[in-house]
Chemist: 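Have a look at the structure that comes next, please.
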Amino acid sequence: MGLEVRDLCVERGGVPVLMGVSFDLPPGKALILRGPNGAGKTTLLRTLAGLQPALSGAVTGGEDLIAYASHSDGLKAMLTVSENLAFWADVFGQRDVTTALHAFSLEPLRDRLAGTLSAGQKRRLGLARMLVTGRPVWMLDEPTVSLDKDAVRQFATVVAGHLASGGSALIATHIDLGLEAEVLDISPLRAQPDARAGASDEAFL
Amino acid sequence: MKALLIRDLTLAFRAGGGFGLGLAFFLIVTVLVPFGVGPHSALLSQIAPGILWLGALLACLLSLDRLLALDWEDGTLDLLATSPLPLEAALSVKALAHWLTTGLPLVLAAPVLGILLALPAPGFFWLVVSLALGTPALSVIGTFGAALTVGVKRGGLLMSLLVLPLYVPTLIFGAEAARRGATGMDPATPLLMLAGITAGTIAIMPFASAAALRVNLR
């Protein structure tokens with residue numbers, strides 16, 4: 001059982017951004033989202049993660065299975081690396097953070113305050129959070145921003161491991177991660193400006 | 001839920017967490033009042049319950065804009081909203097953490113400050129009881145205000161304007177209970193009303209806060 005998206009229409013600020021988004025994400029597969037800046041990658045991910053409602057269309061199989069990573073990592077500057085991870089592990093009902101620390105080589109930093117980390121180290125900690133969620137469907141928004149080459153490879157290894165263990169991933173990115181994955185280019189799905197399917201406030205204006 | 005409570009308390013006590021700011025503000029306000037109205041013990045002891053309640057209310061308000069704004073800025077709210085924790089529970093826990101770091105210290109400090117304002121001896125007990133019953137409502141209502149204005153640039157002032165009118169019933173019954181206690185009258189009726197307001201807001205407000213926050217997270 002995987003994620004199924006059928007004819008989804010997503011909006012941002014009341015204006016439809018994407019129309020007719022349809023894809024399947026079975027377990028063990030990854031899907032790369034591509035599209036120029038402003039095409040609606042983040043909006044699509046936020047809609048799928050349940051942060052905002054879709055205008056129309058159906059998403060099945062996503063309930064309580066999705067772990068979402070946004071542009072910001074949700075780290076507390078005054079907590080240490082392991083405290084940050086342990087908090088998220090506890091919220092998602094998990095215990096073990098050592099695997100996640102090891103996967104992104106964060107062990108030497110585990111007692112440092114997150115506020116004193118570099119941008120790339122923060123990003124690695126943010127990505128390590130995905131491992132402690134224990135959820136099968138990962139949704140990653142530009143995960144490789146501020147990562148160096150080694151860290152990108154490390155990240156690709158982690159994603160490959162996640163796919164091998166039956167998980168799936170939906171990744172919005174501009175770079176080639178070296179993963180075997182289908183690519184969904186969303187630029188042709190841009191909504192027409194006049195297609196305000198169900199979003200009209202005109203009755204109230 | 002326990003993890004969120006422990007995290008919020010830890011953050012409050014670490015550098016920059018703002019623990020004690022509300023308490024210090026409360027102290028300064030009550031110290032300034034005798035300078036303003038003059039050293040008349042009779043007058044001070046008459047207005048002491050009201051001043052102490054007003055001071056506690058403003059001190060509570062002062063720390064509200066940090067309640068959700070910091071979690072909003074670093075993206076924690078987005079991630080919490082997609083976590084298994086219901087938003088209603090998360091906001092209740094954050095209100096509880098706010099009360100433990102702001103409301104509870106105010107309750108404990110109030111008798112000491114009562115001495116500065118020449119609060120009559122029988123009033124001390126009822127002042128503490130009324131604050132202990134009333135300040136949880138201030139935190140829960142404040143969480144609603146914070147959820148409404150999260151993401152608004154410089155939303156602190158707007159939040160104060162929205163929240164202060166909602167504090168009126170708590171202030172009326174809380175200060176009335178403390179005043180009756182200080183003048184030797186029976187404070188039972190206002191105390192019961194105050195407890196009712198607190199119980200009602202604790203029951204209803206988390207749902208309103210979560211609904212407001214969901215709209216703001218879109």
Side-chain angles (χ1 to χ4, degrees), chain A residues 10-14 42-43 45-55 62-80 83-95 97 113-116 122-123 125-126 129-130 132-135 137-141, chain B residues 1-21 63 66-94 96-98 101 147 150-153 209-218:
Chain A
V10 302
E11 52 114 10
R12 185 178 168 87
T42 298
T43 310
L45 286 178
R46 287 180 67 87
T47 307
L48 292 175
L51 284 168
Q52 58 183 66
L55 283 180
E63 283 292 300
D64 291 333
L65 298 175
I66 292 171
Y68 170 66
S70 59
H71 290 283
S72 40
D73 296 312
L75 302 175
K76 286 290 163 198
M78 291 313 291
L79 293 181
T80 66
E83 281 172 335
N84 267 303
L85 268 188
F87 165 66
W88 286 112
D90 205 321
V91 166
F92 282 89
Q94 308 284 317
R95 282 285 165 270
V97 297
L113 289 180
T116 65
K122 277 183 191 157
R123 191 86 261 222
L125 178 52
R129 192 185 65 83
M130 303 303 280
V132 302
T133 60
R135 289 193 162 182
V137 184
W138 288 4
M139 297 209 170
L140 302 146
D141 198 353
Chain B
M1 282 172 79
K2 212 175 78 190
L4 184 60
L5 180 65
I6 291 170
R7 187 202 70 147
D8 271 15
L9 293 179
T10 314
L11 283 172
F13 285 109
R14 295 228 168 134
F19 175 75
L21 276 183
S63 52
R66 303 176 60 92
L67 190 69
L68 294 174
L70 297 179
D71 279 344
W72 162 268
E73 279 162 19
D74 60 22
T76 308
L77 279 183
D78 279 349
L79 303 179
L80 267 182
T82 55
S83 79
L85 199 60
L87 221 41
E88 288 82 0
L91 289 170
S92 306
V93 169
K94 290 192 81 71
L96 174 64
H98 178 261
T101 53
V150 75
V152 179
K153 292 260 183 284
S209 313
L213 188 58
R214 277 199 190 95
V215 171
N216 275 331
L217 282 179
R218 273 180 198 173

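Since the model is a prediction, treat every value here as computed from it, not as a measurement. Naming convention: chains lettered A, B, ... in sequence-line order (proteins, then strands); numbering from 1 in each chain. All heavy atoms count here, side chains included; hydrogens, waters and symmetry mates do not.
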Chemist: For the interface with chain B, which of A/L51, A/D90, A/T43, A/V91 has the highest count of heavy-atom pairs at distances below 4.5 Å?
Modeler: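 Top option by heavy-atom pairs under 4.5 Å: A/L51.
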
Chemist: For chain B, find which of A/P53, A/A77, A/A89 contributes the most heavy-atom pairs closer than 4.5 angstrom.
Modeler: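 Top option by heavy-atom pairs under 4.5 Å: A/P53.
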
Chemist: With respect to chain B, which residue among A/L75, A/L79, A/T133, A/T47 yields the maximal number of heavy-atom pairs within a distance under 4.5 Å?
Modeler: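 Between A/L75, A/L79, A/T133, A/T47, the count favours A/L79.
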
Chemist: How long is the straight-line distance from CG of B/L217 back to CD of A/Q52, given to the nearest 0.5 Å?
Modeler: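 Atom-to-atom, A/Q52:CD and B/L217:CG are 10.0 Å apart.
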
Chemist: To check you understand the geometry: which heavy-atom pair defines the closest contact between B/L11 and A/M78, and what is its length?
Modeler: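 Heavy-atom minimum between the residues: CD2-CB, 4.1 Å.
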
Chemist: First locate atom CH2 of A/W88, then atom CG of B/L4, and finally report the distance between them rounded to the nearest 0.5 Å.
Modeler: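 Interatomic distance, A/W88 CH2 to B/L4 CG, rounded to 0.5 Å: 8.5 Å.
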
Chemist: List the atom of A/R135, the atom of B/S83, and the distance in Å for their closest heavy-atom pair.
Modeler: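 Shortest heavy-atom contact: NH2-C, 4.1 Å.
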
Chemist: B/L80 versus chain A, heavy atoms under 4.5 Å apart: side chain, backbone, both or neither?
Modeler: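 For B/L80, backbone and side chain are both near chain A.
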
Chemist: Which heavy-atom pair separates A/S72 from B/D74 by the least distance, and what is that distance?
Modeler: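 Shortest heavy-atom separation between A/S72 and B/D74 comes out as CB-O, 3.7 Å.
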
Chemist: Donor-acceptor check, side chain of A/R46 to backbone of B/D78, threshold 3.5 angstrom: yes or no?
Modeler: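 Flag not set: sc A/R46 to bb B/D78 has no pair under 3.5 Å.
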
Chemist: Over all heavy atoms of both residues, which pair between A/R129 and B/L79 is shortest? Give the atoms and the distance, please.
Modeler: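 Looks like NH2-CD2, 3.3 Å.
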
Chemist: Starting at OG1 of B/T76, measure out to CZ of A/F87 and round the result to the nearest 0.5 Å.
Modeler: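 Going from OG1 on B/T76 over to CZ on A/F87, the span is 7.5 Å.
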
Chemist: Please classify the contact of A/D73 with chain B as side chain, backbone, both or neither, using a heavy-atom distance under 4.5 Å.
Modeler: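 Backbone only.
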
Chemist: Where on A/R12 is there a heavy atom nearer than 4.5 Å to chain B: the side chain, the backbone, both, or neither?
Modeler: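 When you check distances to chain B, no heavy atom of A/R12 falls under 4.5 Å.
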
Chemist: I'd like to check A/N84 versus B/R7 (side-chain heavy atoms, cut-off strictly below 4.5 Å). Are they in contact?
Modeler: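 Sidechains of B/R7 and A/N84: no contact.
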
Chemist: For the pair A/K76 and B/T10, evaluate side-chain contact (heavy atoms from CB on, under 4.5 Å) and give the outcome as yes or no after the intermediate values.
Modeler: CA-CA 11 Å; A/K76 286 290 163 198; B/T10 314; over 6 Å; no

Chemist: Do A/M139 and B/T82 have side chains that approach each other closer than 4.5 Å (heavy atoms only, starting at C-beta)?
Modeler: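 No, side chains not in contact.
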
Chemist: Measure B/L70 against the heavy atoms of chain A and call it side chain, backbone, both or neither at under 4.5 Å.
Modeler: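 It is both, since atoms from each part get that close.
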
